Amino acid sequence: MLTKRQSKRISSSYKKSESSTGKCGFTLVELLIVIVVGLIITAGVVSIMWVYIFDFEQTDDITAARQRGEMVLSIMEGPILHAGLAMPDSADQFDGLSIINSWTGPIDVDSDEIRIIYSVPSNIYADTSADFAASTDLTLGSELDLKDYDGNPIDLPIANTLLADQNNIKGWALFPTANIPFKVGNSKLTPVDEGIIAQYDNLHFLRALEAKVETRQFKVKDIVDNTSSFQPRVDGVEKIFFELTGSNVLSVYVLTRGNKQGVDLDPNRSIPGWPTAAGYTDVDRTYRLSVTKGSWRIRN
């Protein structure tokens with residue numbers, strides 16, 4: 001049997017336990033507060049993620065547009081830097097080569113099309129110096145010794161390297177020190193004027209190209225003969241603009257677009273960096289646009 005004192009202790013202990021157990025629960029108000037705070041935090045995280053994703057897509061799109069512009073400039077840089085190298089002062093010296101004679105110089109531009117005459121260095125050099133007269137054949141191995149960079153003698157037929165056809169771009173050779181074009185024949189080179197080839201001078205090949213933007217593609221025609229045609233090289237190019245100043249500085253502006261159309265883009269917005277003289281006709285401004293510019297000083 002329990003005494004009265006023991007019964008009171010047990011009753012008091014039970015009441016305390018019941019009371020303390022009730023304090024460990026959450027009220028409805030507390031639960032609502034937690035839910036509201038959780039929703040606010042979730043909304044903040046979602047909004048930050050949305051801004052991040054939108055910013056990433058925009059940056060990625062602009063980067064894609066800029067890369068297209070850089071690709072166009074990289075394709076053109078080599079020919080532009082070699083334009084006029086080893087070339088004579090007059091295009092008339094390319095006797096019978098109608099493609100070059102119809103151009104105004106090594107760089108011939110309209111506002112949206114360019115034509116470039118340039119030279120490409122080979123792995124062949126003159127092992128001896130040579131004086132020459134106009135229209136006098138330089139026979140290889142006799143009047144002129146050519147070698148490759150490994151020191152091996154070069155005995156044309158250059159037919160494997162150049163085409164012996166003066167109506168063809170590949171039928172001509174150049175030496176920078178001579179500043180005179182040479183017609184390529186079977187085991188011979190024929191200069192169109194008198195001059196001298198310096199020892200160790202490098203043999204260059206004559207080349208020419210045309211470039212323009214058509215149907216939102218950057219296209220290049222590598223001129224070899226009259227059957228050459230324009231080939232697409234870079235997609236997503238809206239327009240191109242060429243500007244040749246009197247100080248022989250060529251500036252090229254390339255207007256390119258990203259990959260994704262944006263419904264939130266203003267179709268009447270201006271295009272920073274794009275020359276006013278180039279105009280905005282037929283530019284698809286439902287895409288993000290980028291302007292890439294390159295400038296070079298022309299040799300002559």
Side-chain angles (χ1 to χ4, degrees), residues 60-87 97 99-100 102-123 161-162 168-170 172 174 176 202 204-245 248-259 271 273-275 277-279 282-284 287-300:
D60 184 63
D61 211 31
I62 294 174
T63 300
R66 288 176 179 170
Q67 287 176 340
R68 289 188 169 108
E70 290 169 359
M71 287 173 63
V72 171
L73 294 181
S74 67
I75 290 171
M76 298 185 59
E77 185 173 33
I80 290 174
L81 290 176
H82 287 86
L85 178 61
M87 301 290 176
L97 196 56
I99 293 174
I100 289 182
S102 63
W103 296 358
T104 59
I107 299 286
D108 184 32
V109 301
D110 296 324
S111 61
D112 58 355
E113 187 170 348
I114 190 168
R115 293 164 287 276
I116 306 173
I117 307 169
Y118 65 104
S119 64
V120 178
S122 69
N123 66 337
T161 309
L162 305 168
N168 188 301
I169 289 287
K170 289 186 176 180
W172 293 81
L174 303 159
N202 185 235
H204 285 58
F205 301 143
L206 180 66
R207 294 291 183 268
L209 66 79
E210 294 183 63
K212 64 179 180 179
V213 170
E214 189 176 57
T215 62
R216 294 187 167 85
Q217 291 179 317
F218 175 68
K219 297 183 177 181
V220 172
K221 184 200 297 188
D222 188 4
I223 298 174
V224 177
D225 51 39
N226 293 329
T227 64
S228 303
S229 60
F230 282 97
Q231 300 296 324
R233 299 291 296 275
V234 183
D235 291 326
V237 182
E238 290 286 327
K239 297 192 74 173
I240 195 165
F241 180 72
F242 301 101
E243 186 177 48
L244 184 60
T245 65
N248 270 3
V249 175
L250 174 67
S251 296
V252 181
Y253 300 83
V254 188
L255 181 61
T256 51
R257 71 185 190 192
N259 298 320
I271 305 175
W274 186 246
D282 299 329
V283 174
D284 189 350
Y287 289 86
R288 291 186 179 88
L289 302 172
S290 175
V291 177
T292 309
K293 178 187 177 184
S295 295
W296 299 271
R297 183 173 294 278
I298 306 305
R299 196 176 303 274
N300 58 14

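Predicted, not measured: the structure shown is a model, and the values here were computed from it.
Between Ile107 and Ile114 the shortest heavy-atom distance is CG2-CD1, 4.2 Å. What you find for Asn202 and Pro121 is that their closest heavy atoms are OD1-CB, 3.1 Å. Pairing each heavy atom of Val249 with each of Ser295, the nearest pair is CG1-CB, 4.5 Å. Ala211 approaches Phe242 most closely through the heavy-atom pair O-CE1, 4.3 Å. Heavy atoms only, all atoms of each residue included: Trp274 and Gly279 are closest at NE1-O, 2.8 Å. Across all their heavy atoms, Ser290 and Arg66 have their closest contact at OG-CG, 3.0 Å.
With contacts defined as side-chain heavy-atom distances shorter than 4.5 Å, the pair Asp61/Tyr287 does not qualify. Residues Ser111 and Phe241 form a side-chain contact, since some pair of their non-hydrogen atoms from C-beta on lies under 4.5 Å apart.
The distance from atom CG of Leu206 to atom CG of Leu174, rounded to the nearest 0.5 Å, is 5.5 Å. A distance of 3.5 Å separates NZ in Lys293 from OH in Tyr253, rounded to the nearest 0.5 Å. Rounded to the nearest 0.5 Å, atoms NZ (Lys221) and CZ (Arg233) are 14.5 Å apart. Rounded to the nearest 0.5 Å, atoms CZ (Phe230) and CD (Glu214) are 7.5 Å apart. Between the CG atom in Leu209 and the CZ atom in Arg115 there is a gap of 11.0 Å [rounded to 0.5 Å]. Rounding to the nearest 0.5 Å places CE of Met87 at 9.5 Å from NE2 of His204.
For the side-chain contact (heavy atoms from CB on, under 4.5 Å) with Arg216, the qualifying choice from Asp235, Thr256, Asp284 is Asp284, the only one to do so. When each of Val72, Thr215, Leu255 is paired with Val237, the side-chain contact (heavy atoms from CB on, under 4.5 Å) condition holds for Val72 and for no other. Checking Val213, Val283, Ile271 one by one against Lys239, the side-chain contact (heavy atoms from CB on, under 4.5 Å) holds for a single residue, Val283.
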- Message: Test side chain to side chain contact (heavy atoms under 4.5 Å, CB included) on Glu210 and Ile223; report intermediate values, then the result.
- Response: CA-CA 7 Å; Glu210 294 183 63; Ile223 298 174; 3.6 Å; yes
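Judged by distance alone, the side chains of Thr245 and Glu243 never bring a donor and an acceptor atom under 3.5 Å apart.
Asp110 CG: more than 12 foreign heavy atoms inside a 6.0 Å radius.
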Under 3.5 Å, which donor-acceptor pairs link side chains of residues 73-85 to any protein atom two or more places apart or in another chain?
residue: Ser74; atom: OG; partner: Glu70; partner atom: O; Å: 3.3
residue: Ser74; atom: OG; partner: Met71; partner atom: O; Å: 2.7
residue: His82; atom: ND1; partner: Gly78; partner atom: O; Å: 3.0

